[in-house]
Amino acid sequence: MILAAAQTKPTRGDIDANLSDHYRLIELAVKNKAQLIAFPEMSITGYEREHAQRLAFQKNDSRLDHLQKLAVENNIVIIAGAPIEIGSNLFIGEFVISPDKLVSIYTKQFLHEGEDEYFQSSFDNNPIISIENQKISFAICADIDNPLHPENAKKRETDIYTASIFFSPNGIPNAYRDLQNYAEKHQMNVLMSNFSGESWGSPSAGQSAFWNNKGELIGQMNDSDSGLLLVEKQKDNWTSRVLKN
């Protein structure tokens, strides 16, 4: 099994530019035989609050068409984030785009302070997928601040907990501490993807990472590069390498 965490530098509100960056990184992941690639929180738009409604995606949004094409043609699961409008509500969400043409939506369950002015939280959209009999579940940013989130993932027999985040240099030590603890306590592998560039006028910390189900840090990126953290499982051992974009 090969998984990829994409570490990107978003262009604020420029969906076309950000999608082009997604395509490039997906193609790099495919060349390296990845079966899943996870992007950071609201990766398609950059992290947004005030402009999220204007930038929002729908479930069957035509702007996802090329991502769907890439998923199907290359047998890869793509996890890409955006503000998502469902009915009359706006969510911080991500699209889980599978090779079988299915597009699922995960919506953020635990909002960060100030996000509730613009977004709803929801437990209703919480897919789980499988690759090589490994169950994979999802988290977005502040979800990982609440221990109930990984506990619920473990109750669903999650093998790989995938966190798409936007954490600052001040916040990343806590993210590392918590994700390592969750990996060890719940015996889940943890894949985390973070921005490496500024978004919403704030710096991001990069350092996308992977912990195995013993809580051991297998690989990480630095705080400034964009590219991929690739992790590969052979038998029971994980190895990692970094590919700069």
Side-chain angles (χ1 to χ4, degrees), residues 1-8 22-23 25-41 43-44 59 64 66-81 93-107 125-140 143-144 149-150 152-165 179 182-184 186-194 208-221 227-243:
M1 173 182 287
I2 301 177
L3 310 174
Q7 185 161 293
T8 62
H22 282 57
Y23 305 152
L25 286 169
I26 291 164
E27 287 168 4
L28 182 60
V30 167
K31 285 180 184 177
N32 287 273
K33 301 181 180 178
Q35 294 150 283
L36 176 147
I37 181 170
F39 287 87
E41 179 179 28
S43 57
I44 298 174
K59 179 171 183 180
L64 300 174
H66 192 60
L67 291 176
Q68 289 182 267
K69 184 172 184 283
L70 290 172
V72 172
E73 290 181 351
N74 298 291
N75 196 33
I76 187 171
V77 176
I78 300 167
I79 304 161
E94 59 192 15
F95 296 101
V96 181
I97 303 169
S98 298
D100 61 3
K101 299 185 179 180
L102 180 67
V103 178
S104 302
I105 290 174
Y106 173 83
T107 49
N125 307 288
N126 191 13
I128 194 161
I129 64 169
S130 293
I131 297 176
E132 294 186 6
N133 296 316
Q134 297 285 291
K135 292 185 177 179
I136 301 169
S137 65
F138 308 97
I140 297 177
D143 284 336
I144 71 172
H149 196 278
N152 289 335
K154 183 58 180 178
K155 287 176 183 175
R156 302 174 76 202
E157 301 180 334
T158 292
D159 298 296
I160 301 168
Y161 184 72
T162 305
S164 298
I165 70 173
L179 291 173
Y182 300 154
E184 183 177 12
H186 300 301
Q187 298 180 321
M188 299 186 299
N189 303 290
V190 175
L191 181 70
M192 180 270 279
S193 170
N194 192 21
S208 299
F210 181 84
W211 293 262
N212 68 14
N213 59 11
K214 298 175 184 176
E216 298 167 335
L217 180 64
I218 299 300
Q220 65 186 129
M221 293 187 68
L228 298 179
L229 172 66
L230 282 172
V231 293
E232 181 174 3
K233 183 182 183 184
Q234 294 181 323
K235 296 184 179 179
D236 290 328
N237 294 318
W238 289 92
T239 57
S240 73
R241 51 197 178 104
V242 171
L243 301 176

Could you give the side-chain donor-acceptor pairs of residues 25-35 under 3.5 Å, partners two or more places apart or in another chain?
{"residue": "Asn32", "atom": "OD1", "partner": "Arg241", "partner atom": "NH1", "Å": "3.3"}
{"residue": "Asn32", "atom": "OD1", "partner": "Arg241", "partner atom": "NH2", "Å": "3.0"}
{"residue": "Asn32", "atom": "ND2", "partner": "Leu28", "partner atom": "O", "Å": "2.9"}
{"residue": "Gln35", "atom": "OE1", "partner": "Ile2", "partner atom": "N", "Å": "2.8"}
{"residue": "Gln35", "atom": "NE2", "partner": "Glu132", "partner atom": "OE2", "Å": "3.0"}

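- Rounding to the nearest 0.5 angstrom, the gap separating the CD1 atom in Ile165 from the CG atom in Leu179 is 7.0 Å.
- Residues satisfying the side chain to side chain donor-acceptor pair (under 3.5 Å) criterion with Ser137, sequence neighbours excluded, are Thr158.
- Listed for the Asn213 side chain is no donor-acceptor partner under 3.5 Å among the backbone atoms of Asn189.
- Panel note: side chain Ser43, backbone Ala80; no donor-acceptor pair is recorded below 3.5 Å.
- Qualifying side chain to side chain contact (heavy atoms under 4.5 Å, CB included) partners for Ser240, counting only residues two or more places apart in sequence or in other chains: Ile218, Leu229, Val231.
- The nearest pair of heavy atoms linking Gln220 to Val242 is O-CG2, 3.7 Å.
- In this structure, the separation between CE on Met221 and CG on Leu243 is 8.5 Å, given to the nearest 0.5 Å.
- The CZ atom of Phe95 sits 6.5 Å away from atom CD1 of Ile44, with the distance rounded to the nearest 0.5 Å.
- Asp100 meets the side chain to side chain contact (heavy atoms under 4.5 Å, CB included) test with Ser98, Leu102; sequence neighbours excluded.
- Closest non-hydrogen pair, Met188 versus Ala153, comes out as SD-CB, 4.2 Å.
- Contact between Pro99 and Val72 at its shortest, heavy atoms only, is O-CG2, 3.4 Å.
- Residues passing the salt bridge (Lys or Arg N to Asp or Glu O under 4.0 Å) test with Lys135, sequence neighbours excluded: Glu157.
- In summary, of the residues considered (Val96, Ile97, Ile136, Thr162), a side chain to side chain contact (heavy atoms under 4.5 Å, CB included) with Val77 occurs for Val96 alone.
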Carefully, step by step, assess Leu228 and Ile37 under the rule side-chain contact (heavy atoms from CB on, under 4.5 Å).
CA-CA 9 Å; Leu228 298 179; Ile37 181 170; 3.8 Å; yes
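- Interatomic distance, OH of Tyr106 versus CG of Asn125, reported as 9.5 Å (0.5 Å rounding).
- With a 6.0 Å radius and a threshold of 12 heavy atoms from other residues, nucleotides or ligands, Glu216 has its CD atom above the threshold.
- Note: Met1 CE to Gln234 CD = 12.5 Å, rounded to the nearest 0.5 Å.
- Residues meeting the salt bridge (Lys or Arg N to Asp or Glu O under 4.0 Å) test with Glu94, sequence neighbours left out: none.
- Looking only at side-chain heavy atoms (C-beta outward), Lys154 and Tyr161 stay at 4.5 Å or farther from each other.
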Ring pair (Phe, Tyr, Trp, His ring centres under 6.0 Å) assessment of Tyr182 paired with His149:
CA-CA 10 Å; Tyr182 300 154; His149 196 278; 8.9 Å; no
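- One distance of note links CZ of Phe138 with CG of Leu191; it measures 10.5 Å at 0.5 Å rounding.
- Between His66 and Tyr23, the angle of the ring planes goes over 60°, which puts this pair in the perpendicular group of the 30/60° scheme.
- Put simply, the side chain of Ser208 gets close to the backbone of Asn194: a donor and an acceptor are under 3.5 Å apart.
- Counting only heavy atoms from C-beta outward, the side chains of Leu36 and Ile79 approach each other to under 4.5 Å.
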side-chain contact (heavy atoms from CB on, under 4.5 Å) for Arg156 and Asn126? Distances and angles first, verdict last.
CA-CA 11 Å; Arg156 302 174 76 202; Asn126 191 13; 3.0 Å; yes
